[in-house]
Amino acid sequence: MALEGGKKGKTGAYATGADVLEDLATEHELPARVLDWRQLSKLKSTYTDALQDHIDPNTGRVHTSYVQTGASTGRLASTDPNLQNIPVRSEEGRRIREAFVADAGKRLVSLDYSQIELRILAHVAGIDALKQAFRDGLDIHAMTASEMFGVPLDEMTSDVRRRAKAINFGVIYGISGFGLARNLRIPRAEAQGFIDRYFERFPGIRAYMDETVEFAKAHGYVQTLFGRRIHTPEIAAKGPRAGFAKRAAINAPIQGTAADIIRRAMIRMPEAIADLPCKMLLQVHDELLFEVEEDAVDAVITVARDVMEGAADPAVHLDVPLTVDAGSGMNWAEAH
DNA sequence: GAAACGGGCCAC
DNA sequence: AAACGTGGCCCGTTTC
Ligand SMILES: Nc1nc2c(ncn2[C@H]2C[C@H](O)[C@@H](COP(=O)(O)OP(=O)(O)OP(=O)(O)O)O2)c(=O)[nH]1
Ligand SMILES: [Mn+2]
Ligand SMILES: [Mn+2]
């Protein structure tokens, strides 16, 4: 098709990932059609078809398994089926999420920590400007979205904000000018300039990164705010693996602390909701999903939010408020 | 026919 | 795609 040869993977085959095809789409009409097919085929095979095979004949429901030791950071993992990666991004994907419905007379209620790892970073790294932003109720994801994509805050869409989320976490977890430029399809110097300004606006991030890597080198582990250790055996590696090990060590205390917090909330939840007509159904890293008698939706939100927002206490007193966004509806898409 | 693996892609 | 992190599942290919 007169297209240039591209980059190859470790086996020598041409890479054809979505980012490659999106670029090629400017030169030929086929790549966009392949992407469309890939998206639909992913949704059909992984969700529409596979989820039906997981319906339990005894309950008529789909039940997942949680692996407590699933992730090195202390996050849970969900398997058979994984219910922590139900589509939400695309319109077609949301139709799959809509298939998760409450029983008659009940509602699904979702509670999700706001900007959770940015808040933890503000505390852990002692970033005054970021702490103040959260005390002022600011939405950093939306602010980054506004700056990077030129969308006014009062016209922000969930899709644009979602893309900014990847930028914020990319930057705080060590993305390079090269990587950010590739993601955003902007010149490398421009991407590096954004990263530099980010570290100036929130001084303390760079120092946190350096100190965390040094700690890992000295001890062979890092730890969450609650003192749980995460081992970093690769931290002394040489060559390309060194960079991966450093970034993993930088991420682990933050992602791990978020995992500790929601786990504490889950442990307290049964007692807190004992007198309410509801069930805790799922955990999705920083989100809890409940099935609730419709009359009790507001009461459950009040109680569960309280537990979640206070889950770090009393073991740790955070310098930033934890905030939880709540929603409800007949299905998971509405509740989210 | 199962297991391992890479590539790809869904989510947080 | 070498160059944010954490996962699991599907598909095609390779290997046994
Ligand atoms: N390193 C990394 N971490 C991510 C990424 N996406 C999500 N996470 C982590 C950090 C988030 O705080 C956490 C929960 O994801 P959410 O989608 O709920 O985003 P967050 O809580 O930041 O924002 P929001 O709930 O929308 O106010 O998962 C990512 O692209 N990279
Ligand atoms: Mn969240
Ligand atoms: Mn979430």
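Below, chain A is the first sequence line, B the second, and so on; all start at residue 1. Computed from a predicted structure; not experimentally measured.
Relative to the side chain of A:Ala77, the nucleotides B:dA11, C:dC4, C:dG7 differ in distance, and C:dG7 lies closest. Distance from the side chain of A:Asn82 is smallest to C:dG8 among C:dG8, B:dC12, C:dA1. Comparing B:dC9, C:dG8, C:dG5 by their nearest atom to the side chain of A:Leu35 picks out B:dC9. Relative to the side chain of A:Ala50, the nucleotides C:dT6, C:dC10, C:dC4 differ in distance, and C:dC10 lies closest. The side chain of A:Ser45 has C:dC11 as its nearest neighbour among C:dC11, B:dC12, C:dG5. The side chain of A:Ala166 lies closest to C:dC4 when the candidates are C:dC9, C:dC4, B:dC10. When each of B:dC9, B:dC12, C:dG5 is scored by its nearest atom to the side-chain atoms of A:Asn251, the top-ranked nucleotide is C:dG5. Minimum atom distance to the side chain of A:Ala248 is reached by C:dT6, of the listed C:dG8, B:dC12, C:dT6.
A:Ala259 comes within contact range of no nucleotide atom at all, as no heavy-atom separation falls under 4.0 Å. Residue contacts for A:Val171: at a heavy-atom cut-off of 4.0 Å it reaches no nucleic acid atom on any strand shown. Using a 4.0 Å heavy-atom distance criterion, A:Gly243 is classed as making no nucleic acid contact. Across all strands shown, A:Asn183 has no heavy atoms under 4.0 Å from either base or sugar-phosphate atoms. Within the nucleic acid shown, A:Pro87 comes within 4.0 Å of sugar-phosphate atoms alone, with no base atom in reach, counting heavy atoms only. Among the heavy atoms of the strands lying under 4.0 Å from A:Gln84 are primed sugar atoms or P, OP1, OP2 only; no base atom is included. As judged by a 4.0 angstrom heavy-atom cut-off over every strand, A:Asp19 is placed among the base-contacting residues.
Across the protein-nucleic acid pair, A:Arg163 atom CZ and B:dC12 atom P stand 16 Å apart, rounded to whole Å. Here B:dC12 presents its P atom at 13 Å from CD of A:Glu117, a figure rounded to the nearest Å. The nearest whole Å value for the distance from the CG atom in A:Leu180 to the C1' atom in C:dA1 is 15 Å. Rounded to whole Å, the distance from CG on A:Leu43 to C1' on B:dA11 is 12 Å. Between the CD atom of A:Gln283 and the C1' atom of C:dT6 there is a distance of 12 Å, rounded to whole Å. In this structure, A:Gln39 atom CD and C:dC9 atom P are separated by 21 Å, rounded to whole Å. Distance NZ (A:Lys44) to C1' (B:dC10): 17 Å, rounded to an integer number of Å. One can place CG of A:Leu51 at 13 Å from C1' of B:dA11, the figure rounded to the nearest angstrom.
Contact annotation: the side chain of A:Ile175 approaches that of A:Ile195 to within less than 4.5 Å [non-hydrogen atoms, C-beta and beyond].
Considering only side-chain N and O atoms, A:Arg182 lies nowhere under 4.0 angstrom from the phosphate OP1 or OP2 of C:dA1. Contact check, A:Arg38 against B:dG8: no side-chain N or O comes under 4.0 Å of OP1 or OP2. In this model, the phosphate group of B:dG8 is approached by a side-chain N or O of A:Thr16 to a distance below 4.0 Å at OP1 or OP2. Residue A:Ser41 places no side-chain N or O under 4.0 Å from the OP1 or OP2 atom of C:dC11. Note on A:Ser72: a side-chain N or O is less than 4.0 Å away from OP1 or OP2 of C:dG7. Contact check, A:His54 against C:dC9: no side-chain N or O comes under 4.0 Å of OP1 or OP2.
In this structure, a donor-acceptor pair under 3.5 Å is present between the side chains of A:Glu117 and A:Tyr173.
Here the separation of C:dA3 from B:dC9, taken at their P atoms, is 15 Å to the nearest Å. With C1' as the reference atom, B:dG8 and C:dA1 are 13 Å apart, rounded to whole Å. Rounded to whole Å, the P atom of B:dA4 lies 30 Å from the corresponding atom of C:dC4.
Annotation: cation-pi pair A:Arg247/A:Phe244 present, NZ/CZ under 6.0 Å from the ring centroid and within 45° of its normal. A cation-pi arrangement is absent between A:Arg119 and A:Tyr113, since the terminal nitrogen or guanidinium carbon is not both under 6.0 Å from the aromatic centre and inside a 45° cone about the axis.
Not one N or O on the side chain of A:Ser328 forms a donor-acceptor pair closer than 3.5 Å with the backbone of A:Ala335.
Between the side chain of A:Asp23 and the base of C:dA1 there is at least one donor-acceptor pair of N/O atoms closer than 3.5 Å. Taking 3.5 Å as the limit, the base of B:dC12 and the side chain of A:Arg75 contain a donor-acceptor pair of atoms between them. Counting distance only, with no hydrogens placed and no angle test, the side-chain atoms of A:Lys42 and the base atoms of B:dC9 include a donor-acceptor pair under 3.5 Å.
Taking for each of A:Val67 and A:Phe178 the nucleotide of DNA chain C with the nearest heavy atom, the 5'-most of the two is the partner of A:Phe178.
Between A:Glu200 and A:Arg197, none of the side-chain N atoms (NZ, or NE/NH1/NH2) sits under 4.0 Å from a carboxylate O, so this pair counts as no salt bridge. Salt bridge status for A:Asp56 with A:Arg61: absent, with no side-chain N to carboxylate O gap under 4.0 Å.
Pairing for C:dA2 is absent, with no Watson-Crick or G-U wobble pair whose two atom distances lie under 3.5 Å. Searching all strands for a Watson-Crick or G-U wobble partner of B:dG6 with both distances below 3.5 Å returns C:dC11.
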Given the rule in the salt bridge (Lys or Arg N to Asp or Glu O under 4.0 Å) test, do A:Arg95 and A:Glu92 qualify, once you have shown the distances and angles that lead to the verdict? CA-CA 5 Å; A:Arg95 294 183 57 193; A:Glu92 296 85 351; over 6 Å; no
